[in-house]
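What you are looking at is a predicted structure, and each value in this text was computed from that prediction instead of being measured. Chain letters run A, B, ... following the sequence lines, proteins first, then strands; residues in each count from 1.
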Number of protein chains: 2
Amino acid sequence: MLAATGVFLDHGYGAASMDAIAEKAGVSKQTVYSHFGSKEALFGAIIEDICDELLRGQTQPMPPLKPVDGDDLERRLMGMAERFLGTVLTGRAVALFRVVIAESGRFPELAESFYRAGPTAAIENMARLLRDLDQAGTLSVPDPVSSAKLFFALLRGDLYVRCLLGLASDPTPAERQAVVNEAVRTFIAAHAPAIP
Amino acid sequence: MLAATGVFLDHGYGAASMDAIAEKAGVSKQTVYSHFGSKEALFGAIIEDICDELLRGQTQPMPPLKPVDGDDLERRLMGMAERFLGTVLTGRAVALFRVVIAESGRFPELAESFYRAGPTAAIENMARLLRDLDQAGTLSVPDPVSSAKLFFALLRGDLYVRCLLGLASDPTPAERQAVVNEAVRTFIAAHAPAIP
DNA sequence: GTCTATAGATCGATAGAC
DNA sequence: GTCTATCGATCTATAGAC
C-alpha cells in the first residue's frame, strides 16, 4: 500500500504499472490483485488514503488566541496561512493534486471526493473563523465563505503554480513566509472594518 | 495535427495512442510517423502550438483608456481580469494546463517553456501597467511584479480549482464577472495610494 | 495466501509493397 | 508519400501449482 502510493504519486495512474508496484512492495503481482482486486480499486483506495492523511491536519481547530485584535489578528491569520501552505506546498500534496487533476476525466468521483475532503473542508473551517472575527468587529466579512475562498486563492500564488509545474519543489520556510505575509496583509486591507 | 491536439488534450499523453490519433486524422499511422518522427516529438509540437494560440491574446497591449483615475482605474483592471479569465477558464486552456502539469515530470522543458510563454509573459505585461499606475499616483505599487502575481492569484480562485478538477466547465460570463469584481475590489483595497 | 507462468490485448515503431 | 501488415515490448489480469 505504501509502495503503491509512491509509484502512483511519482508516475501517475497510467504510467504506474502493477508490476512496478508489486516489485517495490516486495511481493508478487498476484498478491496485489488478491488484496485490491483491480488497478482502479487500488488507485481509488490509495488516493482516498493520502487525502485523509494530508487533510487531517487542516481541519482540526487552531489553538485559540484569546483576545483577537491588532497584532493578534495578524498572527491568527498568519497561523492559518502557514498551516495551509505547510501542507499544500509539500511534495506529497503537490503530487496528489497533480494526479487527481490529471485523472479527473477518468475518475470524476475521485476529483469530487478530493474537493470535498480538501478545499471544501478548509474553506468551511476558515469561514467559521471569519464569521467570528466579523461578529467581534475585528474584521468586516459580509460573506465569510467567499472571503475564505479568496484567502486561499491569495496563498495559491505564483509559487504554487511553479510547484505544480515542477519548476520549484519544497519551498523554503522563508519563501513560504513571504507568501504568507503578502496574503495576510492584502486580506486585512480588503476586510478592514469601517471606522465607526 | 488538429486531430492530435484533440486526442492529447482529452486523454493526456500516456492514454493518447498513435492509433487513435491516426484514425481521427483520417490517415495511416505510418503517415503520422513520417511527419513527426515520434510520439514525443508530436506531443511537443502540439503543446507549443496550443501555447502560442492561447497566449497570443494575452500579451498584446490593451486598448488604452486615456485618463486613468477613479472608475477608469476599476474598468482598466477589470478589463485585464476579464481577458485573463476569458482565456484561462476555457475548456481548451484548462485541458492544456492539466496536461502540462501531469507530464511535467516526463517533459520538464515543456513545463518550463509553458511557464515562460504563459504566466511569465502575463505577469510582465501586468507589471508594466502597474508601474504606470504607480507613477501616475493612481495606485501604490512598490513591487509591480509581486503585485501582478497577486492579481492573477486572486483570479485563480475556487472557480478555477473546480475547473481544473472537472467539477465545473466553461463557466458562464456571470460567474466570471463575480470573480473579476471581487478580485479587482480586493486588489484596489490593498493598493490604495496613501492619502496625501 | 503466495508464488510462477502466461493469456489476451494494446502500445510505439517499422518493413515493404505500391 | 501513403498504405497494410507486423514486430517486439509491455500492460492488466488470471490460471494453476504449492
Please tell me if [X] has a side-chain N or O lying less than 4.0 Å from either OP1 or OP2 of [N].
| X | N | answer |
| --- | --- | --- |
| A:His35 | C:dT2 | yes |
| B:Ser34 | D:dT2 | no |
| B:Ser28 | D:dT4 | no |

Salt bridge (charged side-chain N to carboxylate O under 4.0 Å, His left out) partners of A:Arg185, counting only residues at least two apart: none
Please output the side-chain donor-acceptor pairs of residues 7-25 of chain A that fall under 3.5 Å, not counting sequence neighbours, one pair per line with the distance.
residue : atom : partner : partner atom : Å
A:His11 : ND1  : A:Val7  : O            : 3.2
A:Ser17 : OG   : A:Ala20 : N            : 3.0
A:Asp19 : OD1  : A:Lys29 : NZ           : 3.3

Which atoms of nucleotides 8-15 of chain D (N or O only) lie under 3.5 Å from a protein N or O atom, and what are those distances?
residue : atom : partner : partner atom : Å
D:dT12  : OP1  : A:Ala16 : O            : 3.2
D:dT12  : OP1  : A:Lys39 : NZ           : 2.7
D:dT12  : OP2  : A:Met18 : N            : 2.9
D:dA13  : OP2  : A:Tyr33 : OH           : 3.0
D:dA13  : OP2  : A:Lys39 : N            : 3.0
D:dA13  : N6   : A:Lys29 : NZ           : 2.6
D:dT14  : O4   : A:Gln30 : OE1          : 3.2
D:dA15  : N6   : A:Gln30 : OE1          : 2.8

SB check A:Asp158 A:Arg162 (cutoff 4.0 Å): yes
Sidechain N-carboxylate O distance under 4.0 Å for B:Arg75, B:Asp72: yes
Rounded distance (Å) that lies between atom P of C:dC11 and atom CZ of B:Phe8: 13 Å
is_close_aromatic(A:Phe36, A:Phe43), centroid dist under 6.0 Å: no
Aromatic plane relationship, B:Phe187 with B:Phe151 - under 30° parallel, 30 to 60° tilted, over 60° perpendicular: perpendicular
